[in-house]
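Atom set for the values below is all heavy atoms of this structure, side chains included, hydrogens, waters and symmetry mates excluded.
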Amino acid sequence: MGFSLFSATASIAQAQIHGIKTDANTGYTGLFTITPPAAPVGTFHAPTAINIVDLNTQAKLTWVDALAVNSKGDLFAYDNSTHYSGRASSTTQLIRINKSTGEAQPIGSAWGPPAYIAGAAFDANDNLWIVNTANYTLRQINPADGSTIGASISITGFTAHALESSEAVDIVFDSDNKAYLSVDYSIYSLNVATGAASLLYTFPLPSPLVTPPNANPLLGGMAFDNNGGFWLSQHRNLDRIVYSADISSTALAAAHNAVMDLSGDTGVLNSGPTDLASWPFVLPTSVPANNPVALIGLAFGVIGAGGMMLRRRRKQAR
């Protein structure tokens with residue numbers, strides 16, 4: 001008797017990449033979502049952004065940053081609208097954003113000063129981590145109420161070059177749950193337990209991130225897709241989203257194709273904070289036909305489960 005366990009093909013559920021972009025003229029922040037193609041080549045367009053608004057008043061929110069998405073697809077970010085009152089006196093507020101409407105619900109109480117949350121990301125265990133660039137510290141946050149978990153961790157080993165460094169910062173986790181930090185136009189590996197950052201790559205000046213080259217390419221956000229691809233949003237002037245095959249220095253050195261024009265596609269005409277977020281921790285939904293070990297393992301798993309069911313029925317019959 002012959003049987004087939006499944007169709008022996010490989011498929012991976014591709015994660016969406018969510019992004020935000022703030023208009024420096026108005027301060028209003030737009031939300032957009034893209035589904036990465038399997039092999040990004042050239043330029044493609046994202047849907048037009050929708051304004052992020054207060055759930056209760058419907059007022060447009062300003063200077064939203066630090067976008068993060070958890071395993072359920074819930075979007076979180078930070079409302080940094082008070083930051084122009086001065087870094088020393090600024091506060092911040094965790095919000096949950098409806099992806100369809102852009103409506104944002106405040107979570108917990110505002111905290112600070114000083115507080116400007118420029119980067120946020122969930123790790124593989126659904127722990128939320130944030131970077132406070134008012135004092136360059138790393139914190140773990142309870143997304144249910146916005147409270148902090150554990151002590152504040154000072155980030156060390158990085159260099160901030162530009163005035164907007166407090167905005168051009170992000171944190172991201174790859175599919176192996178390794179953390180990375182971007183500051184200005186440099187990318188670092190990051191130890192979240194100690195806060196130690198180790199330089200991975202610095203984009204050269206003038207930068208290949210945009211065409212024509214920009215004299216100061218600040219990185220606004222980072223995200224990984226499920227295939228190991230690494231996405232960057234470039235902050236200031238000719239804003240772009242840039243694709244790199246991975247996060248190695250070799251791939252980053254070749255990352256120069258502008259795959260999306262933020263200014264044109266989102267309706268934002270002046271530079272402000274940008275950010276990206278994704279959930280890259282997705283496993284294959286089936287096993288490739290050329291992987292006999294996986295096929296055998298799955299077969300024995302099915303047979304083992306059947307055997308357990310048979311023994312259970314025999315016991316019940318007795």
Side-chain angles (χ1 to χ4, degrees), residues 14-22 24 30-47 49 65-67 69 118-119 121 161-162 164-165 167-175 180-189 199-278 280:
Q14 184 61 282
Q16 291 181 317
I17 293 179
H18 305 282
I20 52 177
K21 171 64 182 171
T22 294
L31 171 70
F32 61 91
T33 301
I34 58 177
T35 300
V41 177
T43 299
F44 70 94
H45 299 280
D65 206 344
L67 191 66
V69 59
H161 301 279
E164 297 93 335
S165 294
E167 298 171 2
V169 171
D170 199 17
I171 181 175
V172 69
F173 291 86
D174 67 11
S175 58
Y180 300 90
L181 175 76
S182 65
V183 181
D184 292 349
Y185 40 87
S186 296
I187 298 174
Y188 304 81
S189 59
L199 182 63
L200 180 65
Y201 185 77
T202 296
F203 285 97
L205 299 178
S207 172
L209 287 181
V210 295
T211 304
N214 191 331
N216 197 348
L218 303 179
L219 302 176
M222 303 184 291
F224 284 94
D225 62 33
N226 304 140
N227 296 316
F230 184 52
W231 298 73
L232 303 162
S233 60
Q234 191 267 338
H235 165 82
R236 185 195 273 182
N237 298 337
L238 295 176
D239 299 335
R240 299 286 191 267
I241 287 184
V242 177
Y243 172 81
S244 176
D246 53 55
I247 200 171
S248 67
S249 57
T250 301
L252 289 171
H256 59 273
N257 286 329
V259 297
M260 177 177 149
D261 184 334
L262 274 176
S263 296
D265 291 331
T266 66
V268 175
L269 300 178
N270 194 15
S271 180
T274 71
D275 205 359
L276 300 175
S278 66

Practice task
Give a yes or no answer on whether the side chain of Ser278 reaches the backbone of Phe224 with a donor-acceptor pair at less than 3.5 Å.
Solution key: yes
Practice task
Apply side chain to side chain contact (heavy atoms under 4.5 Å, CB included) to Ser248 and list each qualifying residue two or more places apart in sequence or on a separate chain.
Solution key: Asp246, Thr250, Ala251
Problem - Heavy-atom closest contact (Trp231 atom, Ile34 atom, distance) - result: CZ3-CD1, 4.5 Å
Exercise for the section: Calculate, to the nearest 0.5 Å, the distance between atoms CG and NZ belonging to Leu31 and Lys21 respectively. Expected result: 14.0 Å
Handout entry: Atom pair OG1/CG of Thr274 and Leu232 - distance to nearest 0.5 Å
Key = 9.5 Å
Practice task
State, yes or no, whether a side-chain contact exists between Asp275 and Asp170 at a heavy-atom distance under 4.5 Å.
Solution key: yes
Practice task
Apply side chain to side chain donor-acceptor pair (under 3.5 Å) to Asp65 and list each qualifying residue two or more places apart in sequence or on a separate chain.
Solution key: Tyr116
Handout entry: Shortest non-hydrogen separation from Pro280 to Phe173 and the atoms involved
Key = CG-O, 3.6 Å
Practice task
Would you check if the side chain of Ser233 reaches a backbone N or O of Leu276 as a donor-acceptor pair within less than 3.5 Å?
Solution key: no
Practice task
Using a 4.5 Å cut-off on heavy atoms from C-beta on, say whether the side chain of Leu199 contacts that of Ser186.
Solution key: yes
Exercise for the section: Please test Tyr188 against Leu200 for side-chain contact (heavy atoms from CB on, under 4.5 Å), starting from the C-alpha separation and ending with a verdict. Expected result: CA-CA 5 Å; Tyr188 304 81; Leu200 180 65; 5.7 Å; no
Exercise for the section: Without swapping roles, check the side chain of Asp225 against the backbone of Asn227 for a donor-acceptor pair under 3.5 Å. Expected result: yes
Handout entry: Main-chain N/O of Tyr201 paired with Ser249 side-chain donor or acceptor, under 3.5 Å
Key = no
Handout entry: Side-chain heavy atoms of Ile187 within contact of Phe230, under 4.5 Å
Key = yes
